[in-house]
Amino acid sequence: LCNLYRRLVLLCLLASLPFLGSAAYSAYIYLPTRNPPPGSNTGPYCDPVDDSECLMPFPSSFFTRRDSTTDTGRRVSISLDALSTMYKGGGPEHPSFLNDLDGFSTGGPIVFYIEGLKEGGGIGTNGSELPDPDHIEISLTSQSITLLLDVDMQVLTAHWSEFDEIDPHRPSVVMQPATPLNHNTTYAVAIVNALDMEGNVLAPSKGLVSLLNLNESAVSTEANKRSIYYRDTVIPALKAAAPWLKTTESQIQLLFDFHTASAKSQLGIARTVRDKTMQQLKSSTWGNWSDHIRVIRTVDGRCRRPTHRVARVVHAEVDVPWYLTIDSPRHRASFIDKRALYGDQTPVEPVKFTVLIPCSLVGRGANSTNLTAVIDFGHSFLYSRQQLIDSSFLHKMANDNGYVMVATNWRGMSRLDLPVILRTFVAEPNLFQAARDNLIQGYAAKMTIQKFCREALLDMDFMKFRPPRAFQRYNLTEPRYIFFGTSQGGILGGAYSALTGPTGLLDATVLGNPGTPFGLLMPRSDIFPKYLKLLLLNLHYRRHVRIVLSLMQMAWDTVEVSGVLALPLTEPHPKALIFTGLGDSTVTTLGAEVFARAYGARTFANGPRNPYGLDVLHGVSTTSAKQQEALFTELLYQKNLLELYPNKTKHGGTQKVKHNDVHVCTRLDPALEKQTQEFILRDTFIDACLDGCIRSNASC
């Protein structure tokens, strides 16, 4: 026994050596506190127009290089030297995959600052100010001191701007576009007519003054070309879009431009995975689904009482076209393999999924019903398909309405991915690519399962029951195929549903408590303080956290609505029902409204407010859901909204958030439940706000 014990101990030590080595390396590189060297916010690799940080303003065309092989004619070029100014340790692992993009995020927050702006309270001449989220409309007028310009079209773009409270000691302004920006478009950001704390007009950025004063006859450098471009193109376009700027240059205190990524660069990999997956599933070589499905176990429930809701849970696995470099579904730190993506043969790997059959579909009594829909369920943040088994809310929903429900993990953002996510935040920022690529693989898995559901699910042996039970398969029509997700399920489900549009796999989608972009949602969530602590293990200042979130957004656009539904839209998307709760402490309603605008949603007139940019349906309480249409509903939780940001100031952005239950209570609200069921069962939008959609407090 002693020898056996020694061998086991030795085996455990040997097995743990790689992990101990990795931890020691990460601790040596990232955790020691090394103060940034003096002047680290300036240098040849830093944008000179904003000397607040080396990587501010961000995004900026300064951090690109010319490349005639891309759709935009540019390619992102963020140097390791610039990134290293933010990290405490021996330097970050360069997120080089970002430099493969041909432009910047279409949805991410824009970060910049000019000295004295916060001290002046965000106020400008003639009563102008930073446009806050409740007054987005002033961002297009002379009342705004921040302007977001579409240089190509010479028009202003709606946005809001706030002082970022992540780092109150090193302020920055965070500008959030009200809707995703267009692909492959040049934008410029300007601060105009802002005042300091004494009421005097702020002096322009020294870097901007130097840039604009460069001699046109000087040697042709990138700085000289930028200077000419600003004087000859950007400033005239700004004057055309904002004619109240009389003298223009003397009123501009900060100016920079950036170019958004093309659809090909931002979405190309995800769309290629989708198309190649569908091609393989349709090919004659795929064969019968019975050859690709394996039942792991079946658990039967009781259906003797009205309170019994689950007749059967089936745990199974399906073969899925596989695009990751490591051919193991258990390995999360893996990336898209271009050989699988563009080669002739795509391997397959097994992916687990769960099927839930409610009691109402196998009974013959008064509580029985026919099958009406097959629901593809998307789980919440860092959960798993187990949520389908654990959630009594989903069981009731399925049993009351005759739904078969199917779930698999959001690969890349399930509980199994937590170790990689922690490594990304603490030590290896380059692994954010792995999260993105695993999500793309996860989307391929969900598409495979959805196609299986349409073609073979109802004929599988595990759908058959012994007498006197019998599965009630058909009603007058075939069942509808719907995606349903809340929280992370709604966030990722919005992109997944839109991405599947050309495939016709989904008839419609229901998206609860969603939002976009990641760079907006994360800092405004009640879960953010935990991740902030992790990020600060290897970043010098909290302001650096804001910049890193914007860097991450460049990757995240590929798998969320901020990228998939950026204009111009060239692909159809399923009709959508979207709902949220004002006062939500987990996913900010501001992000839900950006999400709704991206979907082109409408809203009924009886709601607690009319969000900016959404068409309002007047004089009707019911309308049929037409192709690609979307409806947005908000519930107002009065007490929770008032208490959400205890220390909020008028122009303050990210604040300490007080946790509440709005995030959960919205999906359980009877009015929204009825609206959801009418949409799923009858393809109809009904007004859930005949009572005004006002609730005093979230209690559920």
Can you tell if the side chain of [X] reaches within under 4.5 Å of the side chain of [Y], non-hydrogen atoms only?
X      : Y      : value
Asp51  : Lys206 : no
Ile138 : Glu129 : yes
Ile578 : Pro514 : yes
Ile191 : Leu202 : no
Val189 : Thr146 : no
Met413 : Val559 : no
Leu267 : His183 : yes
Ser585 : Leu644 : yes

Less than 3.5 Å apart, any donor N or O on the side chain of [X] or [Y] sitting next to an acceptor on the other?
X      : Y      : answer
Thr64  : Arg74  : yes
Ser562 : Asp557 : yes
Asp150 : Thr157 : no
Asp417 : Ser414 : yes
Ser128 : Asn193 : no
Asp584 : Asn513 : yes
Ser52  : Asp50  : yes
Tyr113 : Asp164 : no
Ser550 : Arg546 : no
Gln266 : Thr106 : yes

Please report the closest heavy-atom contact between [X] and [Y], naming both atoms and the distance.
X      : Y      : value
Pro523 : Leu549 : CG-CD1, 3.6 Å
Gly490 : Leu511 : O-CD2, 3.8 Å
Ser60  : Arg226 : OG-NH2, 3.5 Å
Thr589 : Gly581 : OG1-O, 3.0 Å
Ala242 : Leu147 : CB-CD1, 4.2 Å

Can you list the residues that meet the ring-ring contact (aromatic ring centres under 6.0 Å, His included) rule with Tyr187, with sequence neighbours excluded?
->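 For Tyr187, the residues satisfying ring-ring contact (aromatic ring centres under 6.0 Å, His included) (neighbours in sequence not counted) are Phe258.
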
Ignoring hydrogens and angles, tell me if any N or O in the side chain of [X] forms a donor-acceptor pair with the backbone of [Y] under 3.5 Å.
X      : Y      : answer
Ser262 : Asn184 : no
Asn213 : Val209 : yes
Gln176 : Leu520 : no
Ser84  : Leu80  : yes
Ser227 : Leu211 : yes
Thr85  : Ala82  : yes
Asp437 : Ala434 : no
Arg542 : Pro168 : no
Asp196 : Gly120 : no
Asn640 : Ala698 : yes

Aromatic rings His544 and Tyr541: how do their planes relate, parallel, tilted or perpendicular, breaks at 30° and 60°?
->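 If you compare the ring of His544 with that of Tyr541, the planes turn out tilted.
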
So, taking the atom named [atom1] in [X] and the one named [atom2] in [Y], what distance separates them when rounded to the nearest 0.5 Å?
X      : Y      : atom1 : atom2 : answer
Ile491 : Trp410 : CD1   : CH2   : 10.5 Å
Lys239 : Ile252 : NZ    : CD1   : 10.0 Å
Arg75  : Asp67  : CZ    : CG    : 4.5 Å
Gln251 : Thr125 : CD    : OG1   : 7.0 Å

Between Phe432 and Trp556, does a ring-ring contact (aromatic ring centres under 6.0 Å, His included) hold up when you go through it step by step?
-> CA-CA 9 Å; Phe432 203 78; Trp556 213 239; 5.0 Å; yes

Going through the checks in order, is the side chain to side chain donor-acceptor pair (under 3.5 Å) test met by Tyr637 and Asp661?
-> CA-CA 10 Å; Tyr637 293 86; Asp661 292 328; over 6 Å; no

Could you walk me through whether Phe58 and Phe104 pass ring-ring contact (aromatic ring centres under 6.0 Å, His included), step by step?
-> CA-CA 9 Å; Phe58 193 86; Phe104 294 100; 5.6 Å; yes

Show your reasoning for whether ring-ring contact (aromatic ring centres under 6.0 Å, His included) applies to Phe425 and Tyr531.
-> CA-CA 7 Å; Phe425 277 87; Tyr531 293 92; 5.3 Å; yes

Do Glu222 and Arg66 meet the salt-bridge criterion of a basic N to acidic O distance under 4.0 Å?
->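 Looking at Glu222 together with Arg66, the answer is yes, because their closest N to O distance falls below 4.0 Å.
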
side-chain contact (heavy atoms from CB on, under 4.5 Å), paired with Met175, selected from Ser161, Ser139, Pro109, Pro131 =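 The option that passes is Ser161.
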
